[in-house]
Number of protein chains: 2
Amino acid sequence: MVTLAEVAQHAGVSASTVSYVLSGKRSISATTRTRVEQSIRELGYHPNAGARALASSRSNIIALMIPLRTDMYVPVMMEIAIAVATTARTHGYDVLLLTGEEGPDAVRRVTGSGLADAMILMDVQLDDERLPLLRDTDQPSVLIGLPADTTGLTCVDLDFRATGALCVEHLAMLGHRDIAVIGEAPAVYERHTGFAERTLDGLRTRSQELGMRLLHRPCEGGYDAMAVTLARILDERPSTTGFVVQNESAVEPLLALLRQQGRAVPEDVSVVGICPDQVATQASVRLTSVSIPAQEMGRHAVEQLVAKLDDRGSDEVVLIAPELTVRASTGPAPSHS
Amino acid sequence: MVTLAEVAQHAGVSASTVSYVLSGKRSISATTRTRVEQSIRELGYHPNAGARALASSRSNIIALMIPLRTDMYVPVMMEIAIAVATTARTHGYDVLLLTGEEGPDAVRRVTGSGLADAMILMDVQLDDERLPLLRDTDQPSVLIGLPADTTGLTCVDLDFRATGALCVEHLAMLGHRDIAVIGEAPAVYERHTGFAERTLDGLRTRSQELGMRLLHRPCEGGYDAMAVTLARILDERPSTTGFVVQNESAVEPLLALLRQQGRAVPEDVSVVGICPDQVATQASVRLTSVSIPAQEMGRHAVEQLVAKLDDRGSDEVVLIAPELTVRASTGPAPSHS
DNA sequence: AAAAACTGTCGAAGCGCTTCGACAACCTAT
DNA sequence: ATAGGTTGTCGAAGCGCTTCGACAGTTTTT
């Protein structure tokens, strides 16, 4: 293993000089710099992470807490995680993967041990038990998702309230009056996951304003659960012509079931998805949808965090504006004839 | 921040004693131990990760390299990652998330800097450029997936060759003679990803042995691509009655298309999936499938790695035996009437 | 009863790096 | 020319921990 000292000796300078070449924290003459860089290359030197962390009390690691459960949005989580990892690297950080399993203890462990310089938390509950800890520590953190009380916190999320409103508006514009919402699994609402409740709020508020009728039904993903849910909806309100689907694993089952029942999409009923573009474009009917900007969220979160670590940036809530892409699954409401 | 020294002072012992209490590497009297543990709790002490890493040259971190691309098996990747993270924690390790983006450089960086004690690599190509580096370093590593040459490497994977054979056998047993394989996206084969090629090999070999005819067609996921692929297959060999699907995002499209064409599953055609159980059970027809044991693979990989780190365990290739679960998508081949 | 072997604890060295103050050597301005 | 700045480099301290050898005290062996 090659050490700083060996590089210094090889280049004929002191260790501190090499360190300054590496960090750029003091000016170094061009000649010395190139000589040192040369030695580094020749010896194949890599700074030791532990030593660095100890001396500088900076680990250059960002912790990312992802949910353990896989009852929703797995590809989105994955995409966020990947975006976080790659963005972090461009800023010189690595990413430590924590699962929600340890819960608040993980926060304590990481902040206490200096394992990471900062944290990103996903799958935030409205009243998340990790939040007090985050407020107490001076370690920067960013939430992906929105808790009930955001004071003293930095958050990044899609504006799900606006997303709900947007879906309703689109259907309203096409003349639909009776709308059903296929929501996330019941467990998601029981956990009071922010995005689900906020979407619902946006849907409800806007539909009320526009004089539409809204039926919300949570739904486990999959074909069977969707069949039951759809039957209930059509039974309860047969005049339903518009669907908003927030559970991506219900999208394809819904389309299949509608087809099976002879309801044509978009001639008879319209369907709007809230899902990643990939799901929308790969569905059997290309889905009009509001996309979940997973990459953008991940990137944003890291950039907020890096700003904080550099003593720039402040606590703020960034809500990404939703964008609705019209595809083949929505059309004018059938006339009442 | 609380340090070891402060704990030692508080407990009235020397720093080394506290260290030994923590590590258990030397015997400590019960009285001293409890006193120290008491102090640790009272002061809320957390050992500093950097200092520990520096002094012991052990970071207690395992690096996990996941593929950057998301053209296949995202949920599987995610499940593996989560299994790795949770299993690692039970052994006292944390997980560093690396994306394939940096390629071989990431391996150099991690081994060189002592950031991690060991690595797990996913998405292994048959001739992966990271392999020489792994063989050269004395840092333990485990591959999830199988390269062409496994000498000096430890690998964990589903036995995809046996998986292919198993699918064919199942269909053969039911009397099917003409089989089509819906494979992964062409790019996956172009990259020479081991599992795809090995599955194909298993399928081909066994079907030849059993006197069956096999048609293999790569397929991007999604409805449109599947439609094209299916049309081609049925055009080329209309007598096809059995399908093996290896691309999970082609499963639902295939089922929908068959239904649409009036081919009943399983009465007219049988479909076998190679996919996570979740996909199989959530499909519109409950799919007979060989499941991808993602959790088991992740757990196995970590345990192999921990064994190596403890100087137990050796280089070996662990192939997990495939299990086929019969569900509602396969049945006897229609008689030729 | 003396020698040998444990047990439990301590002190000190050192892991490889960052960073601060010091200080020559060189520029400006007056 | 001289005080005052800059610039580039070095030495040394120290980050918080692990670990090795030492050693006093106790137990076991012969």
Side-chain angles (χ1 to χ4, degrees), chain A residues 1-37 39-40 43-61 92 94 109-117 309, chain B residues 1-37 39-40 43-61 92 94 109-117 309:
Chain A
M1 185 194 202
V2 190
T3 70
L4 227 216
E6 292 173 302
V7 174
Q9 192 174 10
H10 186 270
V13 297
S14 76
S16 46
T17 301
V18 177
S19 178
Y20 287 124
V21 167
L22 251 33
S23 69
K25 292 191 179 173
R26 285 206 182 169
S27 53
I28 296 286
S29 70
T31 49
T32 312
R33 166 178 288 106
T34 51
R35 198 145 37 88
V36 170
E37 283 166 349
S39 298
I40 288 177
L43 301 180
Y45 168 71
H46 284 271
N48 182 86
R52 212 166 225 203
L54 177 57
S56 64
S57 30
R58 279 298 204 107
S59 64
N60 287 302
I61 288 180
D94 271 294
R109 196 164 58 84
V110 168
T111 59
S113 68
L115 237 185
D117 297 332
L309 286 167
Chain B
M1 185 196 202
V2 191
T3 70
L4 226 216
E6 291 172 304
V7 173
Q9 194 174 8
H10 185 270
V13 297
S14 76
S16 46
T17 301
V18 177
S19 177
Y20 287 125
V21 167
L22 252 34
S23 68
K25 291 191 180 173
R26 282 204 184 172
S27 53
I28 296 286
S29 70
T31 49
T32 311
R33 167 179 287 108
T34 53
R35 197 144 39 87
V36 170
E37 282 167 350
S39 298
I40 289 177
L43 300 180
Y45 167 72
H46 284 271
N48 181 87
R52 209 166 228 203
L54 177 56
S56 65
S57 29
R58 278 295 205 107
S59 63
N60 286 302
I61 287 179
D94 272 293
R109 197 165 58 84
V110 168
T111 58
S113 67
L115 238 186
D117 297 332
L309 287 167

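We name chains A, B, ... by the order of the sequence lines, and we start the count at 1 in each one.
Regarding contacts with the backbone of dT7(D), every side-chain N or O of Tyr20(A) stays at 4.0 angstrom or more from both OP1 and OP2. Between Thr17(A) and the phosphate of dT9(D), there is no side-chain N or O to OP1/OP2 separation shorter than 4.0 Å. Between Ser14(A) and dG11(D) there is no side-chain N or O to OP1 or OP2 distance below 4.0 Å.
Heavy atoms of Leu4(B) sit under 4.0 angstrom from at least one base atom.
For Ser16(A) and dG11(D), a side-chain-to-base donor-acceptor distance below 3.5 Å is present, hydrogens and geometry of angles not being considered. Not a single donor-acceptor contact under 3.5 angstrom links the side-chain atoms of Arg35(A) to the base of dG8(D). You'll find a donor-acceptor pair under 3.5 Å spanning the side chain of Arg26(A) and the base of dT9(D), going by distance alone.
Ranking dC17(C), dT9(C), dT19(C) by closeness to the Ser56(A) side chain, first place goes to dT19(C). In the set dT18(D), dC10(C), dC15(D), the nucleotide with an atom closest to the side chain of Ala55(A) is dC15(D).
Of the residues near DNA chain C, Thr32(B) and His46(A), the one whose nearest nucleotide (by heavy atom distance) lies more toward the 5' end is Thr32(B).
Rounded to whole Å, atom C1' of dG14(C) lies 12 Å from atom CG of Leu54(A).
The backbone N or O of His46(B) sits nowhere less than 3.5 Å from a side-chain atom of Ser113(A) that would complete a donor-acceptor pair.
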